[in-house]
Each structure stands twice: as C-alpha cells, then as structure tokens.
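To keep things clear, I will list the structure first and then write my remarks on it.
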Amino acid sequence: MDPIGNPFAPGAGTPPPELAGRDELRESLRVSLERTRLGRPAKSAMLVGLRGVGKTVLLDRIRQDAEASGIHTVRIEAPEGRSLPAILAPQLRQALLRLSRLEAAKNHAVRGLRALAGFASKLKVTYQDIEVGYDFDPEPGLADNGDLEHDLQALFEQVGLAAKAAGTAVALFIDELQYVEEEQLAALITAMHRTEQRQLPVILVGAGLPQLRGQMGNAKSYAERLFEFPEIGPLPDEAARQAIGRPIENEGATIDDDAVERILALTEGYAYFLQEWGSHTWLAASASPIRRRDVAEASTQAIAALDESFFRVRFDRCTPKEKRYLRAMAELGAGPHRSGDIAACYGAKVSSLAPTRSALITKGMVWSPNHGDTAFTVPMFDEFMKRIMPGDDWRE
C-alpha cells in the first residue's frame with residue numbers, strides 16, 4: 001500500500017482520521033458550553049481515563065467545536081514542575097486581550113488585565129515561574145492579596161464579567177490536570193465555584209488520569225457536585241471498527257472483517273493502539289483488500305513501535321526500585337492488585353514500598369482505583385514490563 005496515503009495517525013494527541021464513538025459526549029459538552037454562554041447553570045467537566053484512550057484528542061476537538069461557535073477558549077497543558085498560576089496567567093492575558101478588542105467588553109477586559117497584573121506581580125513571590133507581560137498597571141486591591149485562592153477568584157470574576165459583556169463565554173481547556181498540586185487545584189475549584197455562584201460565563205473542561213477525581217475531591221469536598229467526570233475508556237466495538245474501516249475506505253481501499261476483528265482483539269479498543277496497528281497494517285499490506293495475515297505481519301512492528309515510544313518514554317522516567325515495583329505488578333497480571341500481593345511478589349514489606357508506590361502515583365504511572373489497590377495508568381503496561389524485564393533477573 002502507498003505509504004504516502006497511509007491514513008492513520010499514531011502520535012501524542014494527534015487527531016485520528018475518524019473520531020469515532022465520542023459524539024454523545026461532544027454533544028453533552030456543547031450543550032454545557034452554550035448554557036454557560038447564556039449565563040445558565042452548567043457543570044464543568046473533567047475527562048478522566050488511562051493513557052492512550054484519546055483524552056487529549058477529544059479535549060482539542062471539543063475546543064475546536066467551541067471556537068467555531070464563537071466561544072473564547074484557552075488551551076493549557078499542566079506539566080510536572082510548573083505552577084498553576086504560571087500556566088494560567090499568559091493564557092488568560094491572551095483571552096482578555098481578545099475581549100478588549102470588542103467595544104462592549106473593553107472596559108471589563110481592561111480591568112481584567114489590571115487584575116492580572118496585580119495577580120502575577122504579588123504571586124510571583126510564591127510562584128517564581130510566573131512570566132507574563134503587563135499591559136496595564138495593577139489596580140490596588142484587585143486580585144493582589146498574594147493569596148492564590150482569593151486572588152484567582154477575583155481574576156476569574158473579571159474574566160467572566162468581560163465575557164458576559166461581550167455576549168460570549170470563556171472556556172478553559174486544561175490537560176494533564178493530575179499534575180497540579182492539591183493547594184493550587186483547590187484554588188482552581190474555588191474560583192470556578194465562585195463564577196458559577198455569580199452566574200458568570202466561565203467554564204472549565206479538563207482532562208487527566210483516573211486519580212484526578214480523587215485528587216479534586218481531596219482538594220475540595222464539593223468538587224464532585226461542581227464537575228461532571230465522564231470516564232473516557234476503550235472504544236466500543238462498533239466505534240473501533242469505524243476507526244479502522246472508514247479511513248481505509250476513504251483512501252479507496254478495503255479491509256476484511258476478520259482483519260478488523262484481529263486488530264480489535266490486539267488493541268482492546270484503545271484509541272492510540274488502534275492508530276498504531278492501523279498504520280502498521282496499512283504499511284504491511286501489499287494490496288487491497290487488507291487481510292488478517294497483514295495484521296499478523298504488522299503486529300511485530302506495532303509492538304516494537306509502542307515499546308520504543310509510548311511505553312519506553314514512561315519506563316525511562318522511573319528509578320530502578322520503581323521499575324522493580326512495576327515489574328512485580330506485571331508478574332501478577334494486568335491488575336488492579338492489592339498492595340500486599342505486590343509487596344509479596346516484590347519480596348518486601350508493604351510499609352517499605354509505600355514511598356515507591358507514592359512516587360509512581362505522583363509520576364502518573366499507577367493509580368489507586370480503591371483503597372489498597374494499585375493499577376497501571378497505561379493499558380497493556382504489564383505485557384511491556386515482561387518484555388523489557390524478562391525472566392527473574394529483576395528479583396533481588
């Protein structure tokens with residue numbers, strides 16, 4: 001098959017050729033965004049799920065939908081080691097500058113920019129990584145207490161007032177929210193709560209690993225009443241078939257049903273894996289129709305590609321002790337597993353491994369679906385661990 005015509009798009013956050021199985025959620029969030037624009041009650045949303053299920057792609061598509069309808073959006077990724085004020089401030093500045101160009105919203109937007117100047121200058125003492133341009137002098141007493149929870153509320157209120165005057169809404173799209181520290185996450189939740197109480201058109205659509213729900217609940221007990229937490233999982237079989245079949249058909253080719261079924265079995269419906277197998281199967285096929293034997297030939301290349309990119313980049317971030325912990329989990333299977341069982345397989349006491357488990361949770365490698373349980377955040381990571389650390393050499 002012509003590699004130039006390969007329709008599949010394996011990559012970090014790369015939009016697939018066919019975004020299948022997500023229409024219902026997109027429509028639900030479209031309604032929430034439109035209600036927010038009208039000043040009507042609407043819950044913000046946190047998209048939660050494992051790595052590779054397509055959260056980032058979905059977040060970006062919902063943002064595109066919002067922009068197309070005239071809603072002002074802000075797109076942020078929360079990396080490890082950066083503060084929430086540092087990643088928010090430059091993007092809020094851009095949103096306020098856009099709103100300031102609209103005559104109806106100009107005064108409110110300018111006041112918002114003054115609030116931003118006070119916010120950033122005072123909080124830079126605590127969060128040294130804040131870097132943002134100042135377009136206006138700060139207004140004394142406006143978002144300048146130096147207390148994140150108080151000042152973020154005041155700043156969001158000004159953003160909401162500017163959006164309301166413009167007859168629009170500001171939608172914040174924040175990816176990887178599980179990396180935001182609890183105190184800062186609490187301030188974000190409080191600020192969103194305040195805009196909801198004042199019926200201001202500000203809405204948050206976030207995405208993160210499954211532990212995000214618990215993190216937000218710990219940060220503010222009312223978080224689960226303030227937000228929806230749709231779980232993004234593997235695609236249902238019919239949607240997975242569409243994700244493979246339609247891009248191939250759009251290139252004027254076909255794929256046998258049994259070849260599609262084999263891809264579904266190998267990928268378990270995970271969006272990223274579907275793209276990886278689809279891409280390598282296309283390259284392995286000599287002609288249309290694509291057959292099951294092409295899938296078999298492609299699987300070796302697909303697994304190697306996943307091992308060197310999707311899996312390996314996460315493995316390499318771990319210490320030797322953390323790798324042993326993950327290998328002990330893999331020895332037990334896909335999981336989740338009880339901490340005691342992991343410790344027994346590892347050959348250590350549960351208490352001695354608690355810091356290792358905690359570090360892996362912080363790094364986003366594992367999460368706790370229930371008290372005392374531990375599960376991988378990356379699908380099929382148990383199989384990868386057995387490939388990269390085979391046999392019993394990993395045991396001390």
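We're numbering straight along the sequence, starting at 1.
Residues Glu131 and Pro90 form no side-chain contact, since every pair of their non-hydrogen atoms from C-beta on lies 4.5 Å or further apart. A heavy-atom distance below 4.5 Å is found between the side chains of Leu148 and Phe119. Side-chain contact between Leu84 and Tyr127: absent, with no pair of heavy atoms (C-beta onward) separated by less than 4.5 Å. Two residues are said to be in side-chain contact when any heavy atoms from C-beta on lie closer than 4.5 Å; Val170 and Pro201 fail this criterion. Residues Lys220 and His193 have side chains not in contact (no heavy-atom distance under 4.5 Å, counting atoms from C-beta outward). Contact of the Asp137 side chain with the Arg114 side chain is registered, since non-hydrogen atoms from C-beta on lie closer than 4.5 Å. Under the 4.5 Å side-chain criterion, counting only non-hydrogen atoms from C-beta, Ser299 is not in contact with His280. Using a 4.5 Å heavy-atom cutoff, the side chains of Met216 and Leu185 are in contact.
More than 12 heavy atoms of other residues, nucleotides or ligands sit less than 6.0 Å from atom CD of Glu67. Under a cut-off of 6.0 angstrom, the local environment of NZ in Lys349 is sparse, with at most 12 non-hydrogen atoms contributed by other residues, nucleotides or ligands. Heavy-atom neighbours of Glu24 CD from other residues, nucleotides or ligands within 6.0 Å: at or below the threshold of 12. For Glu181, the CD atom counts as loosely surrounded, since its 6.0 Å shell holds 12 or fewer non-hydrogen atoms of other residues, nucleotides or ligands. The neighbour count for Arg293 CZ, taken as heavy atoms of other residues, nucleotides or ligands under 6.0 Å away, does not exceed 12. Sparse packing is recorded around CG of Asn107, with 12 or fewer heavy atoms of other residues, nucleotides or ligands lying under 6.0 Å away.
Hydrophobic clustering places Val295 together with Leu306 (ILVMFWY residues linked when any side-chain heavy atoms are closer than 4.5 Å, directly or through intermediates).
The main-chain N or O of Glu149 is found under 3.5 Å from a side-chain atom of Gln153 such that the two form a donor-acceptor pair. A donor-acceptor pair under 3.5 Å is absent between the side-chain atoms of Thr36 and the main chain of Ala42, judged by distance alone. Remark: side-chain polar atoms of Glu276 are not paired, donor with acceptor, to backbone N or O of Ala302 under 3.5 angstrom.
Salt bridge annotation for Arg30-Asp65: absent, with no cationic side-chain nitrogen under 4.0 angstrom from a carboxylate oxygen. No salt bridge links Glu103 with Lys106; every basic N to acidic carboxylate O contact stays at or beyond 4.0 Å. We find that Glu383 and Lys386 are not joined by a salt bridge, their nearest charged nitrogen and carboxylate oxygen being 4.0 Å or further apart.
Using the six-membered ring where Trp is involved, Tyr325 and Tyr346 have ring planes that are tilted, between 30° and 60° apart. Using the six-membered ring where Trp is involved, Phe310 and Tyr272 have ring planes that are parallel, under 30° apart on the 30 and 60° scheme. Between Phe384 and Phe381, the angle of the ring planes lies from 30° to 60°, which puts this pair in the tilted group.
Put simply, the residue from Leu326, Leu209, Ile342 that forms a side chain to side chain contact (heavy atoms under 4.5 Å, CB included) with Val366 is Leu326. Of the options Arg387, Arg312, Arg314, a salt bridge (Lys or Arg N to Asp or Glu O under 4.0 Å) to Asp307 is made by Arg387 and by none of the others.
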Set out, in order, the CA-CA distance, both residues' side-chain angles and the distance that settles side-chain contact (heavy atoms from CB on, under 4.5 Å) for Leu204 and Met46, then state yes or no.
CA-CA 8 Å; Leu204 170 61; Met46 295 290 119; 3.6 Å; yes
